[in-house]
Novice: 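Sharing a structure below in structure tokens format, with a few things to ask.
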2 protein chains.
Amino acid sequence: MAARLNLEEIGRRAGVSRSTVSRVVNGEPNVSAKTKRRVEAVIAETGYRPHAAARSLASRQTGVIGLVIPSEAGTLFNDPYFGRLILGASDAMNGLDMTLALFVFGDEIDESAIISRVVNPGLVDGVIVTATRMADPLIDHLRDADMPFVVIGRPDNLSAVFSVDADNRGGARSAALHFAQLGRQRPALIAPPSNTSAGVDRRSGFLDGLAEAGLSIGGRIREGDWTEAAGRRAMAELLERRPDAVFVGSDRMAVGALQAIREADLRCPEDVAVVSFDGIIPADMVVPRLTSVAQPVQEVGERAVWLLKSVLDGQLTSAESVVFPTELVIRETCGAALVGGERDRAS
Amino acid sequence: MAARLNLEEIGRRAGVSRSTVSRVVNGEPNVSAKTKRRVEAVIAETGYRPHAAARSLASRQTGVIGLVIPSEAGTLFNDPYFGRLILGASDAMNGLDMTLALFVFGDEIDESAIISRVVNPGLVDGVIVTATRMADPLIDHLRDADMPFVVIGRPDNLSAVFSVDADNRGGARSAALHFAQLGRQRPALIAPPSNTSAGVDRRSGFLDGLAEAGLSIGGRIREGDWTEAAGRRAMAELLERRPDAVFVGSDRMAVGALQAIREADLRCPEDVAVVSFDGIIPADMVVPRLTSVAQPVQEVGERAVWLLKSVLDGQLTSAESVVFPTELVIRETCGAALVGGERDRAS
DNA sequence: CTAAGTTCTGGGAGCGCTCCCAAAGGAGCT
DNA sequence: AGCTCCTTTGGGAGCGCTCCCAGAACTTAG
């Protein structure tokens with residue numbers, strides 16, 4: 001007997017038409033105050049809620065944005081980076097009254113399944129792609145399917161792409177200059193994977209900074225896959241070459257790197273100074289406290305959502321790239337305090 | 001000219017009806033091999049993808065499950081716990097070819113907006129609720145709206161609820177017994193918030209274990225909000241009361257607690273032994289290595305999805321609770337190695 | 001060759017909404 | 001009162017799919 005609760009039924013009970021109820025629900029103008037009150041009363045009384053799928057079908061937009069995260073072997077996703085990013089994106093979505101769909105894939109099989117799900121019309125309006133690999137196949141698929149998207153990172157396979165990124169090059173460069181300023185002579189680098197734009201940029205930014213300062217890195221370069229274990233391994237290897245200042249491409253790897261320094265019975269920052277990238281690990285978490293190039297991860301996520309939203313609203317025609325500045329946050333591992341307590345803040 | 005790509009259009013091009021195309025797309029039987037081949041060829045050629053919203057509307061299910069996470073002031077979400085949980089849930093969803101929608105709310109305003117979005121019909125088929133507070137209002141709303149849900153934790157406001165939880169009591173109890181076995185005399189507790197079921201259970205489990213072992217805790221109890229900072233503060237306070245063994249209710253708080261021990265110029269484990277709960281921080285991350293009651297977070301997330309899926313499929317009628325066992329993983333902070341190198345594994 | 005059974009195919013109805021146009025109602029002016 | 005103009009309301013059409021039943025086509029057996 002209880003008819004299904006839909007616009008028609010609410011209209012029937014309030015003595016108006018489907019259309020009028022729709023107008024009230026969507027807060028459109030041109031509804032008389034009296035009618036509006038009556039309809040709202042019925043809605044409150046019945047607990048009516050509009051049907052999202054029907055809306056999506058009729059209006060051709062879902063109000064859902066997808067966030068795609070690769071998680072190779074599940075390790076990547078443990079990085080606090082993603083928590084922050086999700087938080088930023090999620091905040092922005094809440095503000096826009098939209099919904100966040102999360103797509104995490106662990107391997108190629110997942111990936112292709114997820115791609116085919118993501119590009120389905122009527123599921124998400126657009127997609128934010130993170131941890132973009134160089135020449136990412138995902139991007140080509142999205143483009144083929146005419147699915148609007150924003151990339152977090154610096155995509156390389158096509159120019160006409162909307163993207164949000166932190167200034168990885170500039171941040172890494174400032175780390176190099178900081179080492180030079182502190183008088184370190186034998187810099188080394190633990191770079192993030194070079195199949196990611198962040199890896200490429202942090203590496204080249206650091207090397208540029210060294211060149212600028214007249215320092216040479218010799219063979220003191222290793223690469224790590226973002227994890228603590230990789231940072232530890234890479235630092236253990238590097239220590240054989242007696243570096244006195246190591247730039248580690250992520251906070252997580254830096255935690256492992258510090259561990260390796262301890263295990264080699266060396267002191268940080270006295271023997272080996274460390275600067276990392278991310279600025280995301282709580283300051284108290286590790287001893288000595290980590291000097292790190294901080295990137296505004298949450299803002300990046302937030303901004304990616306806003307950018308995608310403007311794309312969806314058709315407000316943007318030509319590709320746009322947003323780059324957030326980074327900030328070198330000086331704590332203990334860089335050894336700045338050792339050379340006379342100067343307190344630098346480079347950007 | 002280019003007609004919209006839908007079932008009808010594919011049918012037209014393949015010389016069959018909408019219904020037949022639908023059968024092919026959904027892999028239903030009773031389609032002749034020849035027809036099937038023809039239709040599949042057209043689909044491949046056109047790049048047709050079914051419209052998710054239309055499907056949802058017609059079939060009355062969306063294939064989307066919502067995961068609701070409160071993130072008070074954004075701090076909570078930084079806990080690696082949620083990364084793991086999401087990863088587990090996400091894996092399970094991929095396996096079921098379903099989509100995960102994430103709802104993170106930071107305050108009451110967000111919360112009510114999110115609740116009203118979540119309970120909308122046609123958006124999600126069901127919801128997984130995490131970090132459940134005692135007497136959680138969210139649960140009442142879901143129930144009112146007839147939205148199927150599974151709770152992670154131990155809900156208390158109603159009995160007929162599907163839930164997945166770790167054995168918080170048992171795990172905490174095993175920590176107490178471990179301290180007793182190692183001959184510690186002055187146990188203390190840094191408990192998680194007592195407005196969560198995990199907080200209540202870890203506290204009572206630890207106290208039960210102490211009672212069993214004939215130990216008394218005196219006034220050596222503090223409460224912390226899951227963060228490193230709270231752990232540090234709580235430990236600093238507790239140290240005035242000279243505890244020799246502290247059970248810390250989460251890994252993150254334990255990291256802060258270890259820091260406080262260092263700052264008080266005390267040694268862990270010699271002066272103060274520490275056992276934490278979660279077993280989620282990478283073993284290398286902290287020195288000395290953390291002894292922790294490990295809970296299988298990823299499995300919890302995975303299982304919650306499966307459980308919700310069976311509920312949605314109507315395979316389960318009466319409420320079901322799944323409890324995962326925990327495991328005390330002995331490393332360095334408990335000081336087990338000090339008393340003769342015994343290597344315990346209690347469950 | 002026919003009847004009965006099985007497999008395959010087509011299309012009507014409907015999911016609950018938005019979009020849009022037409023018509024009704026009301027206000028303001030001459 | 002009559003006209004115009006603006007506000008408010010109603011309902012047809014359609015979004016792309018699933019569900020379901022009826023009928024066509026094909027099998028098999030007698």
Side-chain angles (χ1 to χ4, degrees), chain A residues 2-40 42-43 46-64 117 119-125 145-146, chain B residues 2-40 42-43 46-64 117 119-125 145-146:
Chain A
R4 281 227 186 73
L5 228 46
N6 52 29
L7 285 185
E8 200 80 48
E9 171 65 14
I10 300 297
R12 202 186 57 71
R13 299 202 194 190
V16 296
S17 76
R18 175 169 44 87
S19 304
T20 301
V21 181
S22 172
R23 288 187 193 99
V24 171
V25 168
N26 294 306
E28 279 168 33
N30 296 342
V31 180
S32 76
K34 199 172 126 200
T35 307
K36 189 172 172 192
R37 235 175 297 120
R38 194 145 32 93
V39 171
E40 279 170 344
V42 175
I43 289 178
T46 55
Y48 164 80
R49 328 235 77 234
H51 194 284
R55 251 187 185 168
S56 305
L57 180 57
S59 67
R60 324 203 112 268
Q61 48 178 339
T62 65
V64 179
R117 192 136 40 82
V119 300
N120 262 18
L123 180 54
V124 300
D125 289 335
D146 277 320
Chain B
R4 281 230 185 70
L5 228 46
N6 52 29
L7 284 185
E8 202 80 48
E9 172 65 13
I10 300 296
R12 202 185 57 69
R13 299 202 195 188
V16 296
S17 76
R18 175 168 44 87
S19 304
T20 300
V21 180
S22 172
R23 287 186 193 100
V24 172
V25 168
N26 294 304
E28 279 168 33
N30 296 341
V31 181
S32 76
K34 199 171 125 200
T35 308
K36 189 173 171 188
R37 235 174 298 118
R38 194 147 32 93
V39 171
E40 280 170 343
V42 175
I43 290 178
T46 55
Y48 164 79
R49 326 236 77 233
H51 193 286
R55 253 188 185 168
S56 303
L57 180 57
S59 67
R60 323 204 114 266
Q61 48 178 339
T62 65
V64 178
R117 192 135 40 83
V119 300
N120 262 18
L123 180 54
V124 299
D125 290 334
D146 277 320

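Treat the numbers as computed from the prediction; the structure is a model and nothing was measured. In the text below, chain A, chain B and the rest are named by the order of the sequence lines, each starting its count at 1.
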Novice: When you measure from the side chain of S17(B), which nucleotide among dT9(D), dT9(C), dT18(D) comes out closest?
Specialist: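 Closest nucleotide to the S17(B) side chain: dT9(C).
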Novice: What heavy-atom pair brings V31(A) and R23(A) nearest, and what distance separates the two atoms?
Specialist: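 Nearest pair, atom of V31(A) first, then R23(A): CG2-CB, 3.6 Å.
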Novice: Should T20(A) be listed as having a side-chain N or O under 4.0 Å from OP1 or OP2 of dG10(D)?
Specialist: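 Answer is yes, contact under 4.0 Å.
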Novice: Within the 4.5 Å heavy-atom criterion, are V25(B) and R49(B) side-chain neighbours or not?
Specialist: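 No, too far: nothing below the 4.5 Å cut-off.
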Novice: Give the nucleotide from the list dT18(D), dG10(C), dG11(D) with an atom nearest to the side chain of V16(B).
Specialist: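 The listed nucleotide nearest to V16(B)'s side chain is dG10(C).
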Novice: Is the distance from OP1 or OP2 of dT18(D) to the nearest side-chain N or O of S59(B) less than 4.0 Å?
Specialist: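 It does not, given that no N or O in the side chain of S59(B) lies less than 4.0 Å from OP1 or OP2 of dT18(D).
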Novice: Under a 3.5 Å distance rule, please check whether N26(B) uses its side chain to pair with a backbone N or O of E28(B) as donor and acceptor.
Specialist: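 Flag not set: sc N26(B) to bb E28(B) has no pair under 3.5 Å.
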Novice: From K36(A) NZ over to T20(A) OG1, what is the distance, rounded to the nearest 0.5 angstrom?
Specialist: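 If I round to the nearest 0.5 Å, the distance is 13.0 Å.
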Novice: L57(B) has an atom CG; how far is it from atom C1' of dC19(D), in whole Å?
Specialist: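 Taking atom C1' of dC19(D) as the reference, CG of L57(B) is at 13 Å.
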Novice: Between C1' on dG16(D) and CG on N120(A), what's the gap in Å once rounded to a whole number?
Specialist: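 Whole-Å distance recorded here is 13 Å.
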Novice: Measure from CG on L7(B) to P on dT9(C) and round the result to the nearest Å.
Specialist: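 Distance, rounded to whole Å: 15 Å.
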Novice: Do side-chain atoms of D125(B) reach the backbone of Q61(B) as a donor and acceptor pair under 3.5 angstrom?
Specialist: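 Checked: no pair found.
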Novice: Under 4.0 Å from OP1 or OP2 of dG16(C): is there any side-chain N or O of R4(A) that close?
Specialist: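 Yes, within the criterion.
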Novice: In Å and rounded to the nearest 0.5 Å, what is the CD1 to CD1 distance from I43(B) to I10(B)?
Specialist: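 Rounded to the nearest 0.5 Å, the CD1-CD1 separation comes to 6.0 Å.
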Novice: P121(B) near the nucleic acid: base, sugar-phosphate alone, or nothing, with a heavy-atom cut-off under 4.0 Å?
Specialist: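 No contact at all - P121(B) keeps every heavy atom at 4.0 Å or more from the nucleic acid.
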Novice: Atom CD of E8(A) to atom P of dG11(D): distance rounded to whole Å?
Specialist: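 E8(A) atom CD is separated from dG11(D) atom P by 9 Å.
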Novice: Send over the distance from R55(B) CZ to dG16(C) P, rounded to a whole Å.
Specialist: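 Going from CZ in R55(B) over to P in dG16(C) covers 19 Å.
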Novice: Can you figure out which of dG11(D), dG16(C), dG10(C) approaches the side chain of N6(A) most closely?
Specialist: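 The answer is dG16(C).
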Novice: Do R18(A) and dT9(D) have a side chain to base donor-acceptor pair shorter than 3.5 Å?
Specialist: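 Per atom types, no contact qualifies.
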Novice: Is there a residue in residues 24-36 of chain B whose heavy atoms reach under 4.0 Å of DNA chain C, and which residues are they?
Specialist: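 N30(B), V31(B), S32(B), T35(B) - these, ordered by number, are the residues of the stretch whose heavy atoms sit under 4.0 Å from the strand.
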Novice: Check whether any side-chain nitrogen or oxygen of R60(B) sits under 4.0 Å from OP1 or OP2 of dC15(C), and answer yes or no.
Specialist: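 Indeed not, no polar side-chain atom of R60(B) lies that close.
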Novice: E9(B) CD to dC17(D) P: how many Å, rounded?
Specialist: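 To the nearest whole Å, that distance equals 11 Å.
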Novice: Do S22(A) and S19(A) get their side chains close enough for a donor-acceptor pair, meaning under 3.5 Å?
Specialist: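 Not at all, the side chains of S22(A) and S19(A) share no donor-acceptor pair under 3.5 Å.
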Novice: Is any side-chain heavy atom of L123(A) closer than 4.5 Å to a side-chain heavy atom of T62(A)?
Specialist: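 Not in contact.
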Novice: Specify the separation, in whole Å, of atom NE2 of H51(B) and atom C1' of dC17(C).
Specialist: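 It is 13 Å, rounded to the nearest whole Å.
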Novice: Roughly how bent is the helix from dC1(C)-dG30(D) to dT30(C)-dA1(D) end to end, in steps of 10 degrees, with each end axis from five pairs?
Specialist: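 End axes: 40° apart.
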Novice: How close or far is atom P of dC15(D) from atom CG of L5(B), stated in whole angstroms?
Specialist: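 Rounded to the whole Å, the gap is 14 Å.
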Novice: If you measure from CZ on R38(B) to CZ on R13(B), what distance do you get to the nearest 0.5 Å?
Specialist: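 One gets 15.0 Å once the value is rounded to the nearest 0.5 Å.
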Novice: Taking only side-chain nitrogens and oxygens of S22(B), does any of them come within less than 4.0 Å of OP1 or OP2 of dT18(D)?
Specialist: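 Indeed, a polar side-chain atom of S22(B) lies that close.
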Novice: Which heavy-atom pair separates P50(A) from P121(B) by the least distance, and what is that distance?
Specialist: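 Minimum heavy-atom separation between P50(A) and P121(B): O-CD, 3.5 Å.
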Novice: Once hydrogens and angles are ignored, does a donor-acceptor distance under 3.5 Å link the base of dG10(D) to the side chain of R23(A)?
Specialist: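 Answer yes: a donor N or O sits under 3.5 Å from an acceptor.
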